[in-house]
Number of protein chains: 2
Amino acid sequence: MSTSPPSLTGDHERAMLERRARLLGPAYRVFYERPVHLVRGEGAWLYGADGERYLDAYNNVACVGHAHPHVVAALARQAAKLNTHTRYLDETILAYAERLLARFPVELGQVMFTCTGSEANDLALRIARAHTGGEGVVVTRHAYHGVTQATAECSPSLGRGVAPGPRVWKVPAPDGGDDSANAGRRLAAEVDGAVAAMRREGVRPAALLVDTILSSDGVRPEPAGFLAPAADAIRAAGGLFIADEVQAGFGRIGERFWGFARHGVVPDLVTMGKPMGNGHPLAGVVARPEVLRAFGSRARYFNTFGGSPVSCAVGMAVLEVLERESLAANAARVGAELMRGLREIAARDGRIAALRGAGLFVGVELRDAASGAPSPDLATRVVNGLRERRVLISATGAAANVLKIRPPLVFTTEQSALLLEALSDTLRH
Amino acid sequence: MSTSPPSLTGDHERAMLERRARLLGPAYRVFYERPVHLVRGEGAWLYGADGERYLDAYNNVACVGHAHPHVVAALARQAAKLNTHTRYLDETILAYAERLLARFPVELGQVMFTCTGSEANDLALRIARAHTGGEGVVVTRHAYHGVTQATAECSPSLGRGVAPGPRVWKVPAPDGGDDSANAGRRLAAEVDGAVAAMRREGVRPAALLVDTILSSDGVRPEPAGFLAPAADAIRAAGGLFIADEVQAGFGRIGERFWGFARHGVVPDLVTMGKPMGNGHPLAGVVARPEVLRAFGSRARYFNTFGGSPVSCAVGMAVLEVLERESLAANAARVGAELMRGLREIAARDGRIAALRGAGLFVGVELRDAASGAPSPDLATRVVNGLRERRVLISATGAAANVLKIRPPLVFTTEQSALLLEALSDTLRH
């Protein structure tokens, strides 16, 4: 993401950017040095006001593709019929809850609905704190878990401008250069250390909250299995293991529907969001029933729009498309093709320091050719170079030097080849 | 809201209630002793699976009426076209921001979008804390401002099961039995007292956060103007005045589009939600630009679904219908008719202790005929008695003895008469 002042060619886009700053204020950021002005989407394609077609290799939210007709139809049909809330009996809500929970291990038997991943993580923290009586949370060093006050505290990736929470302790993310057993042991030892540190300050542990594919830490899925010992460690200390599936979940990683399954662990709480409604504000928390007891007995929970009949109809349609179109299998297949192509590029370009990924969630770590140091400048140049070639991605990681490739799950072999060609070309210039 | 185990006639509804408890867990509550199973909505009517028609005199969310065709069409049209986010340039977002801000005093020149009122209040608190460097928040004694951790702390109405925030101080709500100057002076003195109390504990004030029609405190709109001296008081102490318009805003109170206008005050931050998208998850914070500066310079803000093109298209359609159908004027007119009818009922029924309201936001305070004490039991009986007569309302207030009447703004003279007749009948039995 560019933080330098965007340079635009079009007068109209320049005027839009001025209106944006005037109307939305200083906290909003726009992608790219030359921001993209979009007017339409279909599948993995986005269409610009400039008449150009952009390949979307970034937006995981539109998991079944932009403007998928089955999802749009379900949205329109339910909105024309009924949109109330969870304080009335409603068949759509129950049917969706059943269908969603069927995708989870039996231990994870209950779901609570919210509108955003931030709300889901915020609710999971409330639940964990009520269940454990503790307050302390362990997160990875460059984590992102949301924008509410309680989740922003747990999001060191928001930078030093956001006060780190006094109830939050950080552990380093595995760097992938290790086997699963060693990486798991090391992370578990770090969690033990964090718990010991919070106890020294009189804080009891509530939870380990972690992406099941570490995302803002630089797209770190490897080695599969490393989260299991850390989950054991937080539980041994009396805390809960919260798996943040906001980015990894819903088939993105290909071989498994959820990131936690890849680690061979069943979490206490699972949070989900972005792709759940293909852009409709739908998110939620899935839980072991026993961990909801303390929270539910003490406080009612009502989220006006969360789990509305319309949200649930949309969520159901998304699951239907994911299944009918076998999109998890597609993510596995096209993700593997993409990774093969990236390996070929890396073999002839020493600036690619590492390739990491699972399914269609891929990180390309870039370094300076001369010094070997992480190169956020190169990442910025590549992200903007791809944008000029009408391919949309972004960058992430503590040093902002990791290309983040996370397209809709309908991404095809041909689209993967286009992305690879554009990346090769960008790296040559 | 009933907390006793619901009794149902239908086997199907009994099975639904069991599925609900099993799937959604213990934190969810359902309205009424015999919960309502709804299948369709239109205007202020809701249709049950029992084939009956229910008059909706409760749901402010569906402000322009359930399933309004203009809003549904805008939703479906934009969802079929493009639904991305605020990191690309988008005309729909800017057009809606302009149209929404045009409804505010010029000082309130910027808007940030969220998905829920909880997120809006949570964000407003983050902004106020960044701007003032303080942490302390003043709320009314039985306030409700949301379900995120930071807003639940500010919501004593959630009950003793939700830990009151260590950064939150409470002031009593005006009881309406006073003139504006006196009530204003008294509330301002309470705010001064709360600020003094927090300073004794080493906490600096960040904000006074208050409904502009006190809602969960028992629907307390009177006397108009009482908030102005309190706003002066918090500002004199270095804090901000945050007007929570989640319930009062968007024309509900009839004569003014926003509750704060009725008090003759321009807030520093205004939060809004429920009716903003007529059920679509759309909410936001409108601000004086100078109070966003500190927050925006320190932290980026990105809400994946907040202010998406679809949300903004829906928000625009809601504003268009509010204007085209003159729904604020309708709220003023029908609200006045409803209040006249309620006065007639109160004149012959001593159990009605007070009537309060502005436009179509009305509270009916109930007391025990013998003791004169607040009667939550009578409120429960009336709410459930009306449900049996197929009229939907709820109860609120610290003693849960205030009937909360808050219908869609399309409520008609005839529907008001039906409600009054059903209420008379219920009170006679």
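Residue numbers start from 1 in every chain, and the chains themselves are labelled A, B, ... in the order their sequence lines are given, proteins ahead of strands.
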Counting heavy-atom pairs under 4.5 Å with chain A, which one of B:Thr114, B:Asn278, B:Leu158 comes out on top? B:Leu158
How far does CZ of B:Arg300 sit from OG of A:Ser157, to the nearest 0.5 angstrom? 5.5 Å
In terms of heavy-atom pairs under 4.5 Å with chain A, the winner among B:Val71, B:Ile93, B:Leu24, B:Asn83 is B:Leu24
Provide the closest heavy-atom pair for B:Arg20 versus A:Leu89 in the form atom of the first, atom of the second, distance. CD-CD2, 3.5 Å
Under 4.5 Å to a heavy atom of chain B? For A:Gln78 that would be neither
Given the options B:Ala76, B:Ala79, B:Ala283, which has more heavy-atom pairs under 4.5 Å with chain A than any of the others? B:Ala79
As an exercise: rank B:Ile127, B:Thr304, B:Thr148 by heavy-atom pairs under 4.5 Å with chain A and give me the winner. B:Thr148
Which one of A:Gln149, A:Arg129, A:Arg126 satisfies the side chain to side chain donor-acceptor pair (under 3.5 Å) criterion with B:Gln149? A:Arg129
Do A:Arg22 and B:Gln110 pass the side chain to side chain donor-acceptor pair (under 3.5 Å) test, and can you show the C-alpha distance, the side-chain angles, and the key distance before you say yes or no? CA-CA 7 Å; A:Arg22 179 163 47 78; B:Gln110 291 181 337; over 6 Å; no
Can you see which heavy atom on B:Pro281 is nearest to which on A:Cys115, and at what distance? CB-SG, 4.0 Å
Is there side-chain contact between A:Tyr301 and B:Val147, with heavy atoms separated by less than 4.5 Å? yes
Start with the C-alpha distance between A:Tyr28 and B:Asn303, add both sets of side-chain angles, then the distance that settles side chain to side chain donor-acceptor pair (under 3.5 Å), and finish with yes or no. CA-CA 10 Å; A:Tyr28 281 83; B:Asn303 186 312; over 6 Å; no
Among the listed options A:Leu94, A:Thr151, A:Thr92, the residue most often paired with chain B at heavy-atom distances under 4.5 Å: A:Leu94
Need one label for A:Ala62: side chain, backbone, both or neither, based on atoms under 4.5 Å from any heavy atom in chain B. neither
Can you find a heavy atom in the side chain of B:Thr84 that is under 4.5 Å from one in the side chain of A:Leu46? yes
Nearest atoms (heavy-atom pairs only) where B:His85 meets A:Phe31: CE1-CE1, 3.7 Å
Let me know if A:Ala152 has heavy atoms under 4.5 Å from chain B in its side chain, its backbone, both or neither. side chain
Under 4.5 Å to a heavy atom of chain A? For B:Val61 that would be side chain
Relative to chain B, which segment of A:His68 carries a heavy atom at a distance below 4.5 Å: side chain, backbone, both, or neither? neither
Contact part of B:Tyr54 toward chain A, heavy-atom cut-off under 4.5 Å: side chain, backbone, both or neither? neither
Which bit of A:Val286 comes within less than 4.5 Å of chain B, counting heavy atoms only: side chain, backbone, both or neither? neither
Turns out that what part of A:Glu91 lies under 4.5 Å from chain B's heavy atoms comes down to both
Testing the basics here: between A:Phe305 and B:Lys274, what is the closest heavy-atom pair and its distance to 0.1 Å? CZ-O, 3.5 Å
If we define contacts as heavy-atom pairs under 4.5 Å, which of A:Leu392, A:Thr116, A:Leu282 has the most with chain B? A:Thr116
Toward chain A, the part of B:Glu98 with a non-hydrogen atom under 4.5 Å: both
For chain B, which candidate among A:Val310, A:Leu123, A:Thr86 shows the most heavy-atom pairs at distances under 4.5 Å? A:Thr86
Pair count under 4.5 Å, heavy atoms only, with chain B: among A:Arg40, A:Arg19, A:Glu42, A:His66, highest is A:Arg19
Region of B:Asn59 in contact with chain A, defined by heavy-atom distances below 4.5 Å: side chain
Indicate the atoms forming the closest heavy-atom contact of A:Lys81 with B:Val39, along with that distance. CE-O, 3.5 Å
So which residues of residues 288-297 of chain A are in contact with chain B at a heavy-atom cut-off of under 4.5 Å? A:Leu292, A:Arg293, A:Phe295, A:Gly296
Spatial distance of atom OG (B:Ser308) from atom NE2 (A:His280) [nearest 0.5 Å]: 9.5 Å
Considering non-hydrogen atoms only, spot the tightest contact between A:Phe302 and B:Tyr144 and give its length. O-OH, 4.0 Å
Using non-hydrogen atoms and a 4.5 Å limit, figure out which bit of A:Ala74 sits close to chain B: side chain, backbone, both or neither. neither
For the CD atom of B:Glu119 and the CD atom of A:Glu119, what is their distance to the nearest 0.5 Å? 4.5 Å
Taking side chain as everything from C-beta outward and backbone as N, CA, C, O, which of these in A:Tyr47 sits under 4.5 Å from a heavy atom of chain B? Side chain, backbone, both or neither. neither
